[in-house]
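Okay, structure first, notes after.
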Amino acid sequence: MEKITEKEMLAIMGGQVTELSACDLVIAEGNAHGNDPDYDWDGWNKAFDNACL
């Protein structure tokens, strides 16, 4: 998934600033780290399970 800027995100969302869910924030965190092998992906997977499932 490609990274997008805050301005691009606002454009996609119609210029509305909305409250993000915990799941949205966990996904955004994962997207920010992309394919970083040093990131704690096990911890991210647990956070995703807790927030999104």
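Residues: numbered from 1 along the sequence shown.
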* First locate atom CG of D38, then atom NE2 of H33, and finally report the distance between them rounded to the nearest 0.5 Å. =>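 Between atom CG of D38 and atom NE2 of H33 there are 11.0 Å.
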
* To do: Over all heavy atoms of both residues, which pair between A51 and C23 is shortest? Give the atoms and the distance, please.
  =>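 In terms of heavy atoms, the two residues are closest at O-CB, 3.7 Å.
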
* Asked: Taking the inter-plane angle between the rings of W41 and W44 on a 0 to 90° scale, is it parallel (under 30°), tilted (30 to 60°) or perpendicular (over 60°)?
  ->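 Judged by the thresholds at 30° and 60°, the geometry between W41 and W44 is perpendicular.
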
* To do: Please answer whether the main-chain N or O of A28 pairs with a side-chain N or O of N31 as donor and acceptor at a distance below 3.5 Å.
  =>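 Flag not set: sc N31 to bb A28 has no pair under 3.5 Å.
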
* Do E29 and Y39 come within less than 4.5 Å of each other through their side chains, counting heavy atoms only? ->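 Side-chain contact under 4.5 Å: yes.
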
